[in-house]
Structures are given as structure tokens and as C-alpha cells.
J.: 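Structure below; questions to follow.
Chain A is the first sequence line, chain B the second, and so forth, proteins listed ahead of strands; every chain is numbered from 1. Below, each value reflects all heavy atoms present in this structure, side chains not excepted, and no hydrogens, waters or symmetry copies.
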Amino acid sequence: MNTEQKLAADIKQALHSLFEVEQEVILQPTRKDFAGTYTYVVFPLVKSLKKSPPEIGASLGEYLKANSDLVADYNVVQGFLNLVLEENTWFDTFNAILSDENFGFAKANGKGVLVEFSSPNTNKPLHLGHLRNNFLGDSISRILKANGWDVTRACLVNDRGIHICKSMIAYQLFGKGETPESAGIKGDHLAGKYYVEFDKSYKAEINELVAAGETEENAKKNAPLLKKAQEMLLKWEQGDAAVVELWKRMNGWVYDGFNATYRKIGVEFDKTYYESDTYLLGKDIVEEGLATGVFYKKDDNSVWIDLTEEGLDHKLVLRGDGTSVYITQDLGTTDLKFKDFHSEKAIWVVGNEQDYHFQVLFAIMKKLGRSYADGCYHMSYGMVDLPSGKMKSREGTVVDADELVAEMTATAAETTKERGKIDDFTAEEAENLFQMLALGAVKYFLLKVEPKKRMLFNPQESIDFQGNTGPFIQYTHARIKSILRKATAEGIEIPETIAGIPLESSESDLIFLLSEFPSVIRKAGDDYAPSTVANYAYDLAKTFSSFYSEFSVMNEADTAKRDFRLALIRVVADTLKKAMGLLGVEVPERM
RNA sequence: GGUCCCGUAGCUCAGCUGGAUAGAGCAUCUGCCUUCUAAGCAGACGGCCACACGUUCGAAUCGUGUCGGGAUCACCA
């Protein structure tokens, strides 16, 4: 039981003894302007007790001061009972944190969760929007693990379909046999180049047809290039050797490119599914649904489900000609995923433009009686917009992931060199640091915003290194480490338990914040919100910085005080490292 | 048009299981580096929390409606 829970129990007991009231007690942190750590709001008691709020507050405060060994003092402002804690409870709280290396992390709960994210298309390189997806997926995986879940990270690669054929056709027509090696272009970028190429030529054909008197609609449907792509898709599905060979070759290039990017941004998967393997799945589920009467057949043989009871519409699950639609294969892969991993939960990190799709998918699974249906969650997130509007790969108006990371790394290098604090680093150490800072900046930037909100990225203003940013938190960690190195150099041993030291308010602020770490992790997991962890890390770093400028650690004459501060800041550094770790961000020893 | 999401300072965002005088960062302005890293700290400036009504002792937070922005409603994925 932590301090807050104990205090709540004491208040509950007090309510019982004083007023014979049985009530759950909820505490809130006391506002900065008043003395106290926790505040209990007495307004709700006014009616039943028929006493004024200050009266209730005072008698409750008096009782707690006398009977609770946690409460040293109290004050009442209107209906707010502010409780000042005994100093030794701060040390109880702190010592518990100090002695627990895994403070904040829950024990394994023996249950599995599958997190699917990234899910790239193999016709274009990753852009800023994909980065948001990757970082959200990576971070929520880490957060769920910290909440005790056994996490499997899965990636479903969209490696087939008409859009892939578009790149392939364009390459066949205009590629002149070039390869990533011959062109000196990363494989995913090379494929992307031909995807854009396709779109350009396709649009030119449409314009020609329209000029020749076709309607725009017809032109779009009948442009020779599109026909070629559709033919190629058909050939691919028939297993045409030449087409499959080209498909394998080009996808191979793309995977090499993706792997390089994933390695650079520090994202990994436990399991990769390929849509070329799974796109035919789901038809047996359609049969099952027809047999159980969950689905119904129309005259043209197409299969549907009625979801009007769920507030949704009728939805097609299989075409009249027996071929799959998107949801068909998703039914199949969902079953497959739960069969493969026997997990309790599955999470899909997918943009909010698919909100409706997932509502439908989950509703169908429920109607089919899948036991896992309630464990399905769509972690929906908003698009990353540019000042000019939406990013469009076909039109080339995207912020490329590789380019962005490279630019940020250059900025980190420049900013760091200006400051001249790491002049003794080897080239490799320096490069390592620049990468760490660049990724810290980008990841933090994308994760600090609540996932479901769409966010704006302004390339001109770019990503900052000051203020509420990843590098600021990394910097805070490095500053603490610098002090700890100094202490080690002087042979100072940090004590394992602390007691009886008069506390400065910024010190108790820090202890209080540290004590909240477990509930922050819990909340982030419950809400699927890495932003909760990001905001916490910033809050902690900010509070430390304030303490740092007000008090000195190593120059403190009272050695007991000094040693306490060393212990305190060591836990702060550890907690910053853990919190940033949950965002997939590393923190440096020096910067 | 139906459904879903969003609307908080000039800009980017916290806060939303109802609680006190709504917080940060950026930008603008003032101070602070001979003491542990100034990527920092302290301060100033900046708000009808889109609007209206309702529930409540109490609403940025909950409910209803309006307005504004976005997404979606394909035998595309």
C-alpha cells in the first residue's frame, strides 16, 4: 500500500468514527498555492451531515492530525481539506522507490496481447505519417509490457494488390533495368519513384483521352496504363512466372530499404505477416457465417451482414463472384492471429480513416461468437498534416521518414557542436549521440500529442530541441549523470535508505512525482496513450531543473543532505530513463 | 444527409473518472553562467476553455443542441 492509499484509508476510518459515514475516499494533489500534499474535498458531505464545509474540514483535519500517523498538519480553504504529511512519510515513500529497481513496472500477468502496427505498403517508402504509426505501436507495446502483458509485436505487410502492380508496370516501362545499386537509391525509394512515375504517366493519359473527347470518368477507367496494371494483377494472382519474379525482385529491394529504416528508428517486430499469404483467408469464415445465419446471401450471390442493430449498416463480406473484399481477409487474419498467439487481446494501430472498418470488423467477430471479440481494440490515431494540407505519396508531397531523420541528425550535430561539450567524444560516440538526439526529438514530438488527435507538422519551424522536447529531457538526464559521476569520482557512496532530513519543497515535489510513476504507467496502458508518459517525463524533468537551479548537490555542506540528494537525483535519472524508454527513446550519459 | 473524432493563449499542445485563481512550450520582453552541463532557471505579456441551454453545492471536464474543422458511409485497401 502506498502513501496515498494509506491516507485514503485513514480518512475513510475518520469519516466512520466522526460521522458514521461509509464512503470511498478520493484524494487529489493539493494545488501549489496551498500548504499540503493531498487534498480531500468535503463538499459532497455537506448535505447529509448538515454542517458547513469548513466545519467538516476542521473536525476531520483535527481528527486526522490526532489519529493518523501520516498527517502532520492541515488547513481548510472553503470545502477543501489540505493535508500536510509527516516528514517521515516522505522517506517511507522514497525508500520504497529507492529499493525497487523495477519501481513502476507491473509484474507479469501471464496474459498475452498482440500489437499490430506499421503495416507498410511495398510501393513507397515510409513517411512522417508512418513514423507516427510506428512510434505509437512501438511505445504502446513497451507500455503494455510495463503493465505486465506478454506483448507480441506484429507487422502485416501489404505486399500485393493493384498499387504494387502500378509501381511494377512503371518500372517495366521506364525502369531500363535499374537497381538500387545501379541507381544509388534505397530500394523502397526506388519503388516509390516508379509509383509516382505511374501516377504522372497515368494522369497524362487521362488528359489525352479527355482532350480526344472522352469523359473524365471513362478516361480514368480506360487509360491504357491502368489496364496494364489490372492485367498484371490478374497475372500475379494466376502465378505468372515473369510477373511473380519481378514482384519478388522489387519487393526484395523494398524490404532491404524498410529494414534499414526500421533499424535506424529502433523498431522491431516479433512476427511479420504478408498479405500475399493471407489475402485468400476468410472465405471459410464467410461459409461459417452463412451456416449459422449471421450472414445472408443476395440474389447475385454476394454475401452480406446486417449490422443495423449495432448502429451500422449492411456490409458486404464477399463479392458475388466469390472474390474477397478487404474485410474478408481481415476476418481471416484476425482468426489467424488469435490462433497463432492465443492472446487475450489484440490491438491494431491504424489511422482514424479506418474507424468504421474496425467497428464493422469487431461487430462481425462478436456476432460470429468469437470469444476474443471483446479483447479487440483499434488504436486509432489522427493524421499528421502539413501546413499545405494532407500528405499525398502519389503527388510526392510527403515528409520522407529517412530524410527527416537525416535532417534531424544533422541539426543535432550542429547544435551539439556549437555547445562544445563533447569535444572529447570519438567520432563514433558523437555520431551515436546525434542519432539518439534526433530520434528523441522526432519520437517525442510525435508521441507527446494524444494519439486520436490529428497534428500539424511544420517543416519550416521543424522540430525543436528546447522546451517541451525529447532533447530537453535527455539533457536533464545527462546533467544528473554528470553530478553522479562527480560523486563516484569523489568516492561517495549513496545510502540505501534515507531518514530524518529536513526537506525543501522542491525535494518533496520530486518525491511526490516519483511516487506517481506507477499510476502513470497504468493510466497510459489503460488509455492506450503514450502521451501520458511523455507529459510525465517532461513534468519530472522540469521539476528537477527547477530544483537543480535552486540547490546544489555536491556543494551541500551537510553530507547527510548531500547524500540524500544524490539518492534522489539518481532515482530521478532512472525514472526519466524508464519513462523515455517507454517511448522508445534512449537517454545519453553526456551531451 | 447519416455516423465517428476534434475545437483550450498569436502558434503547437497539456489538463477532461466534475473541484480552489485553467497550465506548459514556441514567439515577444526582463533578469540570472568565477559554484554540479544556460539544450537551463526565474519573471512579464498573453484566455467569454467555439457558442447556447441543461444536470450539479461546483462544469474546460458530464448531457442535449448549434456553429466550425476533419474522417468515413465502395462489390478500393
Side-chain angles (χ1 to χ4, degrees), chain A residues 26 28 30-34 39 41-44 46-47 53 77-80 82 119 121 158 160-163 275 279 298 300 302-304 311-313 315-321 323-330 351-357 359-360 380 382-383 385 390 412 415-416 418-419 421-422 437 441 445 448-450 452-458 461 464-476 478-487 523 526-527 531-532 534-535 538-539 541-542 544-556 562 565-566 569 590-591:
Chain A
I26 296 165
Q28 53 181 308
T30 302
R31 275 187 75 100
K32 280 269 181 290
D33 333 287
F34 301 101
T39 293
V41 183
V42 304
F43 285 114
V46 171
K47 235 178 204 169
V77 183
Q78 299 168 55
F80 300 91
N82 303 320
S119 307
N121 293 334
N158 188 324
R160 62 160 287 281
I162 188 72
H163 49 293
E275 222 182 276
Y279 81 106
K298 282 194 179 173
D300 65 356
S302 58
V303 182
W304 296 73
L312 305 166
D313 298 319
K315 180 80 188 174
L316 177 93
V317 293
L318 195 70
R319 291 193 186 103
D321 63 6
T323 56
S324 297
V325 288
Y326 181 41
I327 195 112
T328 320
Q329 53 173 300
D330 247 10
N352 63 7
E353 73 272 18
Q354 294 198 33
D355 285 355
Y356 182 72
H357 170 75
Q359 275 186 40
V360 170
S380 167
M383 298 291 107
D385 289 326
K390 266 186 95 163
T415 312
T416 305
E418 269 171 24
R419 295 184 167 58
K421 293 171 182 172
I422 61 151
L437 296 178
F445 181 85
K448 75 174 172 186
V449 180
E450 207 184 322
K452 70 179 170 192
K453 289 192 178 170
R454 58 184 269 244
M455 59 186 296
L456 187 80
F457 177 76
N458 189 334
E461 290 170 18
D464 226 320
F465 282 56
Q466 276 159 24
N468 187 355
T469 66
F472 166 63
I473 299 166
Q474 291 170 315
Y475 173 69
T476 308
R479 285 170 119 185
I480 297 175
K481 285 300 173 131
S482 170
I483 303 173
L484 293 172
R485 272 192 303 275
K486 201 173 168 190
K523 187 168 163 37
D526 290 348
D527 298 348
S531 54
T532 303
N535 290 321
Y538 176 64
D539 204 7
K542 184 102 184 118
F544 168 80
S545 292
S546 191
F547 160 78
Y548 177 90
S549 62
E550 197 182 351
F551 302 104
S552 180
V553 176
M554 292 305 288
N555 295 323
E556 172 56 52
R562 177 198 67 191
R565 284 180 183 164
L566 284 169
I569 68 171
R590 286 178 56 192
M591 69 183 267

J.: For A:Asn82 and A:Thr39, test the side chains for any donor-to-acceptor distance below 3.5 angstrom and give the result as yes or no.
T.: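 Short answer, yes.
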
J.: Taking only the side-chain heavy atoms of A:Gln28 (C-beta and beyond), determine which of B:rA42, B:rG25, B:rG19 contains the nearest atom.
T.: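 From the listed options, B:rG19 comes nearest.
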
J.: Aromatic ring centroids of A:Phe472 and A:Phe465 under 6.0 Å?
T.: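 Here the rings of A:Phe465 and A:Phe472 have centres that are no less than 6.0 Å from each other.
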
J.: With a non-hydrogen cut-off below 4.0 angstrom, is A:Asp385 in contact with a base, only sugar-phosphate, or nothing?
T.: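 The residue A:Asp385 makes no contact with any strand.
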
J.: Dump the pairs, protein N or O against N or O of nucleotides 31-39 of chain B, anything under 3.5 Å, distances to one decimal.
T.:
| unit_1 | atom_1 | unit_2 | atom_2 | d |
| --- | --- | --- | --- | --- |
| B:rU35 | O2' | A:Asn555 | ND2 | 2.8 |
| B:rC36 | O2 | A:Val553 | N | 3.4 |
| B:rC36 | O2 | A:Met554 | N | 3.1 |
| B:rC36 | N3 | A:Ser552 | OG | 3.4 |
| B:rC36 | N3 | A:Val553 | N | 2.9 |
| B:rC36 | N4 | A:Tyr548 | O | 2.8 |
| B:rC36 | N4 | A:Phe551 | O | 2.3 |
| B:rU37 | OP1 | A:Ser482 | OG | 2.3 |
| B:rU37 | OP2 | A:Ser482 | OG | 3.4 |
| B:rU37 | O2' | A:Tyr475 | OH | 2.5 |
| B:rU37 | O2' | A:Arg479 | NE | 2.9 |
| B:rU37 | O2 | A:Lys421 | NZ | 2.5 |
| B:rU37 | N3 | A:Met591 | O | 2.8 |
| B:rU37 | O4 | A:Met591 | N | 3.0 |
| B:rA38 | OP2 | A:Arg479 | NH2 | 2.6 |
| B:rA39 | OP1 | A:Lys421 | NZ | 2.3 |
| B:rA39 | OP1 | A:Tyr475 | OH | 3.3 |
| B:rA39 | OP2 | A:Arg419 | NE | 2.6 |
| B:rA39 | O4' | A:Arg419 | NE | 3.4 |
| B:rA39 | O4' | A:Arg419 | NH2 | 3.1 |
| B:rA39 | N6 | A:Thr416 | OG1 | 3.1 |

J.: Name the pairs: protein N/O against N/O of nucleotides 72-75 of chain B, kept only if under 3.5 Å.
T.:
| unit_1 | atom_1 | unit_2 | atom_2 | d |
| --- | --- | --- | --- | --- |
| B:rC73 | O2' | A:Asp313 | OD2 | 3.4 |
| B:rC75 | O3' | A:Arg319 | NE | 3.3 |
| B:rC75 | N4 | A:Asp300 | OD2 | 2.2 |

J.: A:Asn82 near the nucleic acid: base, sugar-phosphate alone, or nothing, with a heavy-atom cut-off under 4.0 Å?
T.: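 Result for A:Asn82 = base.
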
J.: Grab the CG-P distance between A:Asp33 and B:rA22 for me, whole Å please.
T.: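 The distance from CG of A:Asp33 to P of B:rA22 comes to 10 Å, rounded to the nearest Å.
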
J.: Under 4.0 Å: is that the gap between some side-chain N or O of A:Lys542 and OP1 or OP2 of B:rG25?
T.: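 Looking at the OP1 and OP2 atoms of B:rG25, one of them is under 4.0 Å from a side-chain N or O of A:Lys542.
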
J.: Taking any heavy-atom pair under 4.0 Å as a contact, classify A:Phe34: base, sugar-phosphate, or nothing.
T.: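 Base, at least one base heavy atom under 4.0 Å.
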
J.: Rounding to an integer number of Å, can you tell me how far A:Asp464 CG sits from B:rA24 P?
T.: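 Between P of B:rA24 and CG of A:Asp464: 18 Å.
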
J.: Taking side chain to side chain contact (heavy atoms under 4.5 Å, CB included) as the definition, give me every residue that meets it alongside A:Asp330, ordered by chain and number, with sequence neighbours left out.
T.: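 For A:Asp330 the side chain to side chain contact (heavy atoms under 4.5 Å, CB included) partners, ignoring immediate neighbours, are A:Tyr326, A:Thr333, A:His357, A:Leu361.
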
J.: Along nucleotides 54-63 of chain B, 5' to 3', which nucleotides get a B, which get an S, and which get a -, given that the test is a protein heavy-atom distance under 4.0 Å?
T.: ---B------

J.: Grab the N/O contacts between the protein and nucleotides 9-15 of chain B below 3.5 Å, and write none if there aren't any.
T.:
| unit_1 | atom_1 | unit_2 | atom_2 | d |
| --- | --- | --- | --- | --- |
| B:rC13 | OP1 | A:Leu456 | N | 3.1 |
| B:rA14 | OP1 | A:Glu450 | N | 2.6 |
| B:rA14 | OP2 | A:Lys453 | NZ | 2.8 |

J.: Keeping the roles fixed (side chain from A:Asp321, backbone from A:Thr323), state whether a donor-acceptor pair exists under 3.5 Å.
T.: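 Between the backbone of A:Thr323 and the side chain of A:Asp321 there is a qualifying donor-acceptor contact (under 3.5 Å).
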
J.: Starting at the 5' end of RNA chain B, what dot-bracket string do you get if Watson-Crick and G-U pairs under 3.5 Å are bracketed, crossing pairs use [ ], other-strand pairs use | and unpaired bases use dots?
T.: (((((((..((((.....[...)))).(((((.......))))).....(((((..]....))))))))))))....

J.: Would you check, one step at a time, whether the test side chain to side chain contact (heavy atoms under 4.5 Å, CB included) holds for A:Asn158 with A:His163?
T.: CA-CA 10 Å; A:Asn158 188 324; A:His163 49 293; 3.1 Å; yes

J.: Contact class for A:Ser380 (heavy atom, under 4.0 Å): base, sugar-phosphate, or nothing?
T.: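 Contact class for A:Ser380: none.
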
J.: Taking 4.0 Å as the cut-off, does a side-chain nitrogen or oxygen of A:Thr469 come that near to OP1 or OP2 on B:rG25?
T.: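 Checking A:Thr469 against B:rG25: no side-chain N or O falls below 4.0 Å of OP1 or OP2.
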
J.: Using a 3.5 Å distance criterion without hydrogens, assess whether the side chain of A:Ser380 forms a donor-acceptor pair with backbone atoms of A:Asp355.
T.: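 Answer holds: no.
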
J.: Between A:Lys452 (NZ) and B:rG69 (P), how many Å, whole number?
T.: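 Roughly 21 Å, once rounded to whole Å.
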
J.: Take a 6.0 Å sphere around CG of A:Leu456 and say whether it holds more than 12 heavy atoms from other residues, nucleotides or ligands.
T.: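 Correct, the count exceeds 12.
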
